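Since the structure is predicted, the reported quantities are computational estimates derived from the model, not experimental observations. Numbers restart at 1 for each chain; the letters A, B, ... are given by sequence-line order, proteins then strands.
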2 protein chains.
Amino acid sequence: MSNNSRNVPKATLQRYPVYLKALRQLKKQGLERILSDELSKHVQIKSTTIRRDLSFLGTLGKQGYGYSIEKLIDVFNEKLGTEFDEKIILIGAGNLGSALMHYNRWQYVVGEIACAFDVDPEKLVARYDVPVYPMSELEERIPKGCRIAILTASSDVQATVDRLAKCGIVGIVDFTHEHIRVPEGVKIKQVDVVSAIQELVFETNEMNI
Amino acid sequence: MSNNSRNVPKATLQRYPVYLKALRQLKKQGLERILSDELSKHVQIKSTTIRRDLSFLGTLGKQGYGYSIEKLIDVFNEKLGTEFDEKIILIGAGNLGSALMHYNRWQYVVGEIACAFDVDPEKLVARYDVPVYPMSELEERIPKGCRIAILTASSDVQATVDRLAKCGIVGIVDFTHEHIRVPEGVKIKQVDVVSAIQELVFETNEMNI
DNA sequence: CATATATTGTGAATTATTCAACAGATTTAG
DNA sequence: CTAAATCTGTTGAATAATTCACAATATATG
């Protein structure tokens, strides 16, 4: 009965990772089912919003019963591609890059970091089983079909982005503190402490405006 | 005095860091003024939206001329508190924490990391001039008036958050991969690779739903 | 098996955000 | 100095997102 591809609101898409994270935690705690009202308390999003968000993925809940946590997680995996066999590349193998290669080993599946690149010859050592190649070999070493890159290097950022786009990258997770313009068709997600802190400050200082 | 405060939309607040970042880059390039249409091309946000967003901060532009970049940056600093003398604390002094302490030295002013805390006795060495104290000394070592914490440690996350809230922290930048419930009055910003990648995947796979 | 109870899924109402259009301020050119 | 050109700030219309309210449907119970 579920509406085939109504277009999912952007705002909803941004909440899915929040649900997924909470659901995995609940599963780990041994829970098997959950009500939208309970989940609401966990993620601090209104239960109506949750139900509507989930309804885009199908008819997943049961009236009078709630949602099966296992089933929800499965649906996220299937429908939204979390189980995809995607190879992710990492640009920059410094402190931050190393931390990411380390996470790669124990975190929830989101694909895996296939390899890293760095301009510094001293950094070209595999860490946590992730090989690190010279930046100059990007075009030849990049895995076939690779779509997503994580950017932690901070030199020549704009040039690197353009180069990645040419290699077929369509999604970039950006850890740099630079302002970047992305080519048409490429999506970028900022993961930036400075911006995050600024947002916090802006919100907590708003009354002063 | 702040009663003329129209309330700034949440969406606008989230764009301010983007503008600020772009403006700083433009200033560095030697530019002195900019039109909303030009800025629009840089940040990839419609010029009308930009003008509206900026109008919440006052009458900053001049018809027929545009905006002074310097002035805009100043206003962000003054009105939104970027110049504040805030002390930020860091929880966790591992790879990621080290990267942040390093950034602390050369990045745009957003306050500074005053000190770090870690449970691991081996990590209690100052890095890049940031002292690292044992986690057990949080309550005594936390700087007076400290409001913002960066969370990179991944053990006992929820307990740590509750403890931070008791110490007066109202804003948390969260780098962990855990799902966290924050107490009333505390804001949290996720800075999470996994979620960022998921969002990218969700957006690029949306047609499959 | 029938009835009471609980909870989802969703139209309709509300609220928030974006965007187009334009009046009016400001600069620039002559 | 005056007129033409430019570009902001804002009004109001369009679009998007949230929330309400309740019918539909399941479970639980006696």
Next on the checklist: Whole angstroms only, please: what is the CG-P distance between A:Leu72 and C:dT7?
Outcome noted: 16 Å

Checklist entry - B:Phe76 vs B:Tyr16 aromatic rings, parallel, tilted or perpendicular, using cut-offs 30° and 60°? => result perpendicular

Item to check | Atom pair distance, as rounded to whole Å: CG in A:Asp53 and P in D:dT18 | outcome: 7 Å

Next on the checklist: Taking side chain to side chain donor-acceptor pair (under 3.5 Å) as the definition, give me every residue that meets it alongside A:Gln63, ordered by chain and number, with sequence neighbours left out.
Outcome noted: none

Could I get a table of every N or O pair under 3.5 Å where one atom is in the protein and the other is in nucleotides 5-9 of chain D?
unit_1	atom_1	unit_2	atom_2	d
D:dC7	O4'	B:Gly64	N	3.0
D:dT8	OP1	B:Ser36	N	2.8
D:dT8	OP2	B:Ser36	OG	2.7
D:dT8	O2	B:Gln63	NE2	3.4
D:dG9	OP1	B:Leu60	N	3.2
D:dG9	OP1	B:Gly61	N	2.8
D:dG9	OP1	B:Gly61	O	3.4
D:dG9	OP2	B:Tyr67	OH	2.5
D:dG9	N7	B:Arg51	NE	2.9
D:dG9	O6	B:Arg51	NH2	2.9

Next on the checklist: Whole angstroms only, please: what is the CD-C1' distance between A:Glu38 and C:dT7?
Outcome noted: 11 Å

Next on the checklist: How long is the straight-line distance from CD1 of A:Ile88 back to SG of A:Cys115, given to the nearest 0.5 Å?
Outcome noted: 11.0 Å

Checklist entry - Do NZ/NE/NH1/NH2 and the carboxylate oxygens of A:Arg163 and A:Glu139 come within less than 4.0 Å? => result yes

Checklist entry - A:His179 versus B:Leu26: any side-chain heavy-atom pair under 4.5 Å? => result no

Checklist entry - Do A:Val191 and B:Val193 have side chains that get closer than 4.5 Å, going by heavy atoms? => result no

Next on the checklist: Looking only at side-chain N and O atoms, does B:Gln198 offer a donor or acceptor that is under 3.5 Å from a partner on A:Lys21?
Outcome noted: no

Next on the checklist: Contact list please: residues 39-48 of chain A against DNA chain D, heavy atoms, distance less than 4.0 Å, in numerical order.
Outcome noted: A:Lys46, A:Thr48

